[in-house]
Every structure is written in C-alpha cells, then in structure tokens.
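Per chain, numbering begins at 1; letters A, B, ... match sequence-line order. Since this is a predicted model, take the numbers as computed values, not measurements.
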2 protein chains.
Amino acid sequence: MFRGQFVHLISKTGRVSIPSKFRENLKRAYKTSKVIITLFENCLSCYPLPEWEKLEKRILKLPRFKKNTVDFERHLIGNANECEIDTEGRINIPQILRKDLGLNKNLIFVGLLTRFEIWSEKSWNVNSKNSFKNFQRSRDVLDGI
Amino acid sequence: MFRGQFVHLISKTGRVSIPSKFRENLKRAYKTSKVIITLFENCLSCYPLPEWEKLEKRILKLPRFKKNTVDFERHLIGNANECEIDTEGRINIPQILRKDLGLNKNLIFVGLLTRFEIWSEKSWNVNSKNSFKNFQRSRDVLDGI
DNA sequence: TCCATTTATGCCAAAATATGACAAAACCTG
DNA sequence: CAGGTTTTGTCATATTTTGGCATAAATGGA
C-alpha cells in the first residue's frame, strides 16, 4: 500500500525520483517498475501498471463511439503516460503534464493505498487546506462499514 | 495501447511524425506500419490497419441500404485514407483532410487505447474544455462494469 | 499525348529531447 | 557519528523530431 507524504525535487529535464517506499511497494505488491501517470483534478494520479490495466479492460467494454465514452477516454487516456522507473529510481514526467500543472521545483508525493499522487508544492498547499476542511466534514465516512 | 498526448509540427507539405510511443505500439501490438486515418467530429481518427479491418467487418453486417448506414459509411469510409509510415516515422496527411480541419502548425495527438486522434491545436483547446466538462459529468461511467 | 506544375516520397543531417551511467550530496538508522 | 541507502547533479550517449533538398509520381491543360 502507498502511504505517506514525500517532497522531491524535479530536474530541469523533468526527472524526479519516486520515494523509495513507493518503489518498494511497486516491486513487492505489483512486481513492476512501470507506472501510469495521468491528469486528475490539479495533480497527477499514478497507478501501478497492473492496476491501470484493470481500468483499461473496463473501458474497452464501453460503447466506444458514444460521445460520453469518447470524452471520458480523451481525458483519462489522453493524459495517461507509461513511465518506466530507471536504475536510480527516477521517472521522466512528460513536458505537457509538467506545463499543465506547473511542476518545476518541489513536488509532493502523496500515498493513497492503491495509487499515489504528485502535486506541485503550491497547489498542494492550497488544496490540502480544502481537503482538511472536507476531512472534518466527512470523518464519519467509514462508520457503518 | 495508445495513451497520452503529444504535440507535433506539421510541415508545409503535410508531413508529420507519429509519436514514437504510438509507432512502437503499432509495431508491437499490431505488427504494422499502416494506419487508416479518417474524419471524425473535428479531428482525424487513426486506426492501426488490423483494428480498422475489424471495424469494416462490423460495418458489412449492417443493413447496407438503410439511410443511417449509408450516411455512416459515406462519412467514415468515404474519408478514410491508408497511410504508410516512412523511415523517419512520418505520414503524409492528404490535403483534403488538412484543409477540412485547418491542420497547419501544431497538431495534437491523443491516444485512445485502440486508436488515436489528431487535432489542430486550436480545435483541441476548444474541444478539450467541453470534453473535460463531459468527463466530470460522466466519471461514473465505469461504475457497475 | 506531352509538357508544365503541383504534390508526394526518400534520404540525409541538424536540433531537440530523453535515457543511462557515474559520482557527489543528503539522509536515515542503529 | 559511521555506514549504508536514497536523492540529486552532471555529463555522455542514444533516440526522436524537424528541416531541407533532390527526385519521383501524379495531375491538369493544351
């Protein structure tokens, strides 16, 4: 499971190292060094390749000419990139995603069990305030499960 | 699978290079360097030849004199062009299609699993706003599948 | 049918970008 | 604080994308 929060520096060329705990989990639980990163709200959502492929299988069952499906794919698949983790544990984040999100200095990695997120420090700070408020409102979400 | 988004420049003569990740997928998954490109909404829809042939087989099963079928064929088949990818990974986009869509500078390539799309930068920007809204509305499209 | 003009193709090389390898710096952990 | 691990920086190399030019093919008009 991916857990916790880490700050890493992204290079001018768009390289950033994945937290070692995340890498370890990728290897142990998913036996892969490939992740799919895609745009989600104001951050990058990162899936271990096997998790992602499950998602794709479901998408392939949809009526693929329908407007809704096409738009859904354009967004979710159209922003998805397969990244191979290199020998020093880094990935390259494609320019287009970097630009969209303003990723240039400190990136925040946030573990979310079966996936993790990458934020620019700035939008993380803005957003975490909101999600804290939201957390306060939704703290009982688990009760009854 | 085709995934992600890439910006490539089209030359005055209508040549543009296919993103290398797409080419790789064409070779690996489809063992072909031929794609069929056709008009779809405001963009070009591009199919690996084997995928296209599957589509044609399905079309042949339709009631071929029905108005809907004829219209569908006129549009989808009537605009279809077979393109061979050259040694530097480029294709030539026929003039008619270029003119119809105003393809002249930056083209956006968008992966959609079994096919990909080519947009002019301008119409992509317009359209992706809409499709994002649609994505927001249809993000539950997968629930229950 | 032939020629002139346009359009497409093949090939080479420059520019931009991504990748690999190595080593220095920062950091945990005991 | 010592020793190992993790993260970051740098440089060299490989790959990808683009531009240019020469040739080939197609098109259209007389």
task: Determine, for E82(A) against R3(B), whether the closest basic-nitrogen to carboxylate-oxygen distance falls under 4.0 angstrom.
output: yes
- prompt: Taking only residues two or more places apart in sequence, or in another chain, which ones meet F109(A) in a ring-ring contact (aromatic ring centres under 6.0 Å, His included)?
  reply: H8(A)
message: Can you measure K12(B) atom NZ to dA8(C) atom C1' for me and round it to whole angstrom units?
response: 16 Å
task: Return the value, rounded to whole Å, for the distance between atom CG of N81(B) and atom P of dA8(C).
output: 10 Å
- request: Produce a footprint string for nucleotides 14-30 of chain C: one letter per nucleotide, 5' end first; B if the base is under 4.0 Å from any protein heavy atom, S if only the sugar-phosphate is, - if neither.
  value: -----BBBBB-------
task: Look at the side-chain N and O atoms of S11(B) and state whether any lies under 4.0 Å from the OP1 or OP2 oxygen of dG19(D).
output: no
message: Without decimals, in angstroms, what is the distance between K99(B) NZ and dT6(C) C1'?
response: 14 Å
query: Atom CZ of F22(B) to atom P of dT17(D): distance rounded to whole Å?
result: 10 Å
query: How about F6(B) and F22(B): are their ring centroids closer than 6.0 Å?
result: yes
task: For N25(A) and M1(A), indicate whether the former's side chain and the latter's backbone hold a donor-acceptor pair under 3.5 Å.
output: yes
query: Which is true for I18(B) with a 4.0 Å heavy-atom rule: it touches a base, it touches only sugar-phosphate, or it touches nothing?
result: sugar-phosphate
task: Take the protein atom CZ of F6(A) and the nucleotide atom P of dT5(D), then report the distance between them rounded to whole Å.
output: 18 Å
message: Distance check needed: dT6(D) P versus I85(A) CD1, whole Å only.
response: 13 Å
Other residues, nucleotides, ligands: >12 heavy atoms within 6.0 Å of K21(B) NZ: yes
message: I want to check one thing: is the phosphate of dT17(D), taken as OP1 and OP2, less than 4.0 Å away from some side-chain N or O of R23(B)?
response: yes
Backbone of I10(A) reached by a side-chain donor or acceptor of R15(A) within 3.5 Å: no
